[in-house]
> 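Before we start, here is the structure in question, set down as C-alpha cells.
Below, all heavy atoms of this structure are taken into account, side chains as well, without hydrogens, waters or symmetry copies. Since we're looking at a predicted model, the values are computed, not measured. Protein chains get the first letters and strands the later ones, always in sequence-line order, with residue 1 at the start of each.
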Amino acid sequence: EPEVTQTPSHQVTQMGQEVILRCVPISNHLYFYWYRQILGQKVEFLVSFYNNEISEKSEIFDDQFSVERPDGSNFTLKIRSTKLEDSAMYFCASSEGGRAEAFFGQGTRLTVV
Amino acid sequence: RKEVEQDPGPFNVPEGATVAFNCTYSNSASQSFFWYRQDCRKEPKLLMSVYSSGNEDGRFTAQLNRASQYISLLIRDSKLSDSATYLCVVDPNTGGFKTIFGAGTRLFVKA
C-alpha cells in the first residue's frame, strides 16, 4: 500500500538553527501539505502546495517557514532560526485531489533545545 | 465560535456499545468533511469521508447535515481496538486547499 514517508523521525536542534524536514508523498498525488501538532494540542494546518506553488498558508506559516519540491519526489519544510515553541510533531500529507482525502506520514518530532 | 468544534471527551464505553460523536463547523461554505482517528503519538489516519447522503463503512456511519452545519460519526459494536482519538476535519473552502481539524474526542473502549 502506498504511503507518505517522512525523515527523520526525530530531530533535536538548538534554538536559532535551521532545520529541513523531508517528505516523500504518495507518487501519483498532486497536492501536498504540512501540519504540526504541539504535544497535547490539536493538529494545525501550516501550508498546502500544488503545481509547484503554495496554495494556501496559515498565520503560523510566517517568513520563518518555507516549502520546496526540489525534485519529482521530495517535499520539504524548512524552518529558519528555530524557536523553543517550534517544538512539535510535524506531519506531511498528500492527496490526489485538492479536496480529497489526505494521507499522512508518520511525522517528524522536532525538539528545539 | 470555533471553526470546528467537537464533543469534549473522553467517552468511556464497554465493548459492544454504540457510541456517537458530534462535530459542528462554523463556515457554511465548507465543502469537504472527513473523520480521522489518531492513536497516541501517531499520525492521523483517514477513517472515512462524509457525504451529504451519509455513508457507512462496516460498523462506522457518518452523517452530514449542511443546514445545521453538523457532522456525526456512529460506531456500532465497539471493539477494544476502537480506542483512539477521533478527529473531525473540515475543508472550509476559503479559496486554497486546507483543512481544519477539531480538537478530537477521546474514546476508551473497555472489556
> Please determine whether side-chain contact (heavy atoms from CB on, under 4.5 Å) holds for the pair Phe101(B) and Tyr35(A), giving the CA-CA distance in whole Å, both sets of side-chain angles, and the decisive distance to 0.1 Å.
CA-CA 10 Å; Phe101(B) 279 68; Tyr35(A) 294 82; 3.6 Å; yes
> Please check: side-chain N/O of Ser32(B) versus main-chain N/O of Arg99(A), any donor-acceptor pairing under 3.5 Å?
yes
> Side chain, backbone, both or neither: which part of Phe49(A) has an atom under 4.5 Å from a heavy atom of chain B?
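Neither the backbone nor the side chain of Phe49(A) comes within 4.5 Å of chain B.
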> Quick one: do Met89(A) and Leu21(A) end up in the same hydrophobic cluster if we chain Ile, Leu, Val, Met, Phe, Trp and Tyr together by side-chain heavy atoms under 4.5 Å apart?
no
> Output the rest of the hydrophobic cluster of Val113(A): all Ile, Leu, Val, Met, Phe, Trp and Tyr residues reachable through side-chain heavy-atom contacts under 4.5 Å, sorted by chain and number.
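Taking Ile, Leu, Val, Met, Phe, Trp and Tyr as members, Val113(A) shares its hydrophobic cluster with Val12(A).
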> Between Leu39(A) and chain B, with a heavy-atom cut-off of 4.5 Å, which part of the residue counts as in contact: side chain, backbone, both or neither?
side chain
> Check this for me: Glu3(B), atom CD, are more than 12 non-hydrogen atoms of other residues, nucleotides or ligands nearer than 6.0 Å?
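For Glu3(B), atom CD is not crowded (no more than 12 foreign heavy atoms under 6.0 Å).
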> Shortest non-hydrogen contact from Ser55(A) to Gly96(B)?
OG-CA, 3.4 Å
> Would a single hydrophobic cluster contain both Val67(A) and Ile79(A), if residues Ile, Leu, Val, Met, Phe, Trp and Tyr are joined by side-chain heavy-atom contacts under 4.5 Å?
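Yes; Val67(A) is reachable from Ile79(A) via cluster members.
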> Verify whether the ring centers belonging to Tyr33(A) and Phe97(B) lie closer than 6.0 Å.
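For Tyr33(A) and Phe97(B), the ring centres are not under 6.0 Å apart.
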> Which atoms of Gln37(A) come close to chain B, meaning under 4.5 Å heavy atom to heavy atom: side chain ones, backbone ones, both, or neither?
side chain
> Side-chain heavy atoms under 4.5 angstrom apart, residues restricted to Ile, Leu, Val, Met, Phe, Trp, Tyr: same cluster for Leu74(B) and Phe33(B)?
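Different hydrophobic clusters.
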> First locate atom NZ of Lys42(A), then atom CD1 of Ile100(B), and finally report the distance between them rounded to the nearest 0.5 Å.
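Separation between the atoms: 6.5 Å.
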> If you count heavy atoms of other groups shown closer than 6.0 angstrom to CG of Asp63(A), is the number above 12?
no
> Atom CD of residue position Gln14(A) - does it have more than 12 heavy atoms of other residues, nucleotides or ligands inside 6.0 Å?
no
> Non-hydrogen contacts under 4.5 angstrom with chain A: give the residues of residues 36-65 of chain B involved, or none if there are none.
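Heavy-atom contacts from residues 36-65 of chain B to chain A are Tyr36(B), Gln38(B), Arg41(B), Lys42(B), Glu43(B), Pro44(B), Leu46(B), Ser49(B), Tyr51(B).
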> Between Phe91(A) and Phe34(B), is there shared hydrophobic-cluster membership here, with clusters defined by ILVMFWY side-chain heavy atoms closer than 4.5 Å?
yes
> Considering only heavy atoms, which portion of Ala102(A) lies under 4.5 Å from any heavy atom of chain B: side chain, backbone, both, or neither?
both
> So which residue, Leu87(B), Thr85(B), Asn93(B), ends up with the most heavy-atom pairs under 4.5 Å with chain A?
Asn93(B)
> Please say yes or no: joined through hydrophobic side-chain contacts below 4.5 Å, possibly via intermediate residues, are Tyr90(A) and Val19(A) part of one cluster?
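In one cluster: yes.
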